[in-house]
Trainee: 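Please read through the structure below; I'll follow up with questions.
Counting starts at 1 for both ligands and their atoms, in listed order. Keep in mind that this is a model prediction, so the values were computed, not measured.
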Amino acid sequence: MNPASRSPVAPVTALLEARGVTRRYGDGRRRVDALRRVDLAVPPGARIGIVGESGSGKSTLVRLLAALDRPTSGETLFRGRRTSGVPERGLADLRSSVQLVFQDPRSSLDPRMTVGRIVTEPLRSRRLRHRGDVPSPSADRLQEVLAGVGLAPELAHRYPHELSGGQRQRVAIARALAPDPEVLIADEPVSALDVAVRAHVLNLLADLVRARGLTLVFVSHDLAVVRLLCDTVVVMKDGVIVEQGSMEEVYDRPRDPYTAALLAAVPRLRS
Ligand SMILES: Nc1ncnc2c1ncn2[C@@H]1O[C@H](COP(=O)(O)OP(=O)(O)OP(=O)(O)O)[C@@H](O)[C@H]1O
Ligand SMILES: [Mg+2]
């Protein structure tokens, strides 16, 4: 090991990183540059909120960070190793360390699987990858995972369509957290939920993130929600990052006029 890399002043390797990433969809008159030369580093333990108007490129960016899509140019990395242009079999470390929760749990949960199967599936695939060295998920582990997101044990036998929206989103969170990931990427995980359920799921998420020291990348339209969960905020507009900084800096002294406008549109933030 290079001794310099152990020095306390050595920069921390980001868990996830985008370097000069451009993502172009379509061509000719249909061409859309969803991201334009975006740089973003997610250090271990960071809780980053990504905000910005609809169509600004938030989902495109997190999909690229998670290597669910590949950039048109530039590169993405996980723990300093390139993930863009790498075949799926080279992404096992990323797949087990980074989990995702999306906006609409109805479309992200397999309708043919019971809740019990859905939340233990990631544990089973990890077991396969380790050629059986990891024990099969036990009934106890399943109950523990469900209890962790406030779901009753008997829900394990139900199918997604037999649950409420809030229950489904908690199943999606349970599935993401069951394999004990280092990073959770959540793309508008509560926007489909009604206000009361939303508050419940958000508080749950805030508790889980703190209790596990998770690194979080959280996409939201709602600045108040980002403030509750995150310590850093990234503001996007038209495929670029227009502002980035600690929550206090950006909220108290927005430098970009777009951020100021976004903040002014929030009814009133409780501090
Ligand atoms: N598969 C696709 N094909 C063509 N254009 C796309 C595709 N996905 C996204 N886009 C375009 O890329 C731009 C960025 O989309 P993206 O979904 O990243 O925005 P977003 O910030 O997540 O928006 P929202 O807040 O509405 O979810 C938009 O102009 C969108 O229309
Ligand atoms: Mg989106």
Side-chain angles (χ1 to χ4, degrees), residues 16-42 47-76 83-85 88 98-109 165 168-169 172-173 176 183-195 198 201-202 205 216-230 232-245 250 254 256-267 269:
L16 293 168
E17 202 177 341
R19 288 191 192 156
V21 161
T22 293
R23 177 63 166 99
R24 178 167 299 162
Y25 293 110
D27 49 26
R29 291 178 61 187
R30 293 163 56 91
R31 174 175 144 181
V32 177
D33 284 350
L35 294 177
R36 292 181 284 144
R37 305 186 63 80
V38 167
D39 293 308
L40 180 68
V42 181
R47 289 180 282 128
I48 297 184
I50 302 181
V51 301
E53 65 192 12
S54 183
S56 57
K58 306 179 298 293
S59 297
T60 304
L61 178 58
V62 297
R63 286 177 51 78
L64 285 164
L65 289 172
L68 296 175
D69 183 17
R70 56 176 56 186
T72 310
S73 62
E75 58 178 8
T76 52
T83 53
S84 44
E88 187 59 36
V98 179
Q99 293 291 326
L100 291 103
V101 177
F102 296 102
Q103 174 170 12
D104 180 4
R106 200 185 288 259
S107 60
S108 66
L109 302 178
R168 271 197 293 270
Q169 198 51 298
I173 294 169
V183 188
L184 181 70
I185 296 179
D187 188 353
E188 308 260 17
V190 295
S191 12
L193 306 176
D194 80 52
V195 176
R198 183 182 304 178
V201 174
L202 279 174
L205 207 53
L216 179 69
V217 179
F218 187 89
V219 175
S220 179
H221 282 103
D222 188 338
L223 288 149
V225 166
V226 166
R227 196 177 211 190
L228 171 79
L229 285 166
C230 302
T232 304
V233 62
V234 165
V235 183
M236 297 192 67
K237 182 173 166 55
D238 296 334
V240 298
I241 292 177
V242 292
E243 182 143 29
Q244 182 175 350
V250 173
D256 189 275
Y258 173 71
T259 310
L262 209 60
L263 286 166
V266 177
L269 291 173

Trainee: If we only count heavy atoms from C-beta on, is the Met236 to Leu35 side-chain gap below 4.5 Å?
Mentor: yes
Trainee: Just checking: Ser54, one of its N/O/S atoms, less than 2.8 Å away from the Mg ion (ligand 2), yes or no?
Mentor: no
Trainee: Mark yes when over 12 heavy atoms from residues, nucleotides or ligands other than Arg36 sit less than 6.0 Å from its CZ; otherwise mark no.
Mentor: yes
Trainee: What distance do Ile48 atom CD1 and Phe218 atom CZ have between them, rounded to the nearest 0.5 Å?
Mentor: 13.5 Å
Trainee: If you measure from CG on Leu223 to OG1 on Thr259, what distance do you get to the nearest 0.5 Å?
Mentor: 9.0 Å
Trainee: Using only heavy-atom distances, determine whether the side chains of Thr83 and Thr76 contain a donor-acceptor pair under 3.5 Å.
Mentor: yes
Trainee: Less than 4.0 angstrom from a charged side-chain N to a carboxylate O is my criterion; do Asp39 and Arg19 meet it?
Mentor: no
Trainee: Can you tell me which residues line ligand 1 if we count any heavy atom under 4.0 angstrom from one of its atoms, in chain and number order?
Mentor: Tyr25, Val32, Ala34, Glu53, Ser54, Gly55, Ser56, Gly57, Lys58, Ser59, Thr60, Glu188, His221
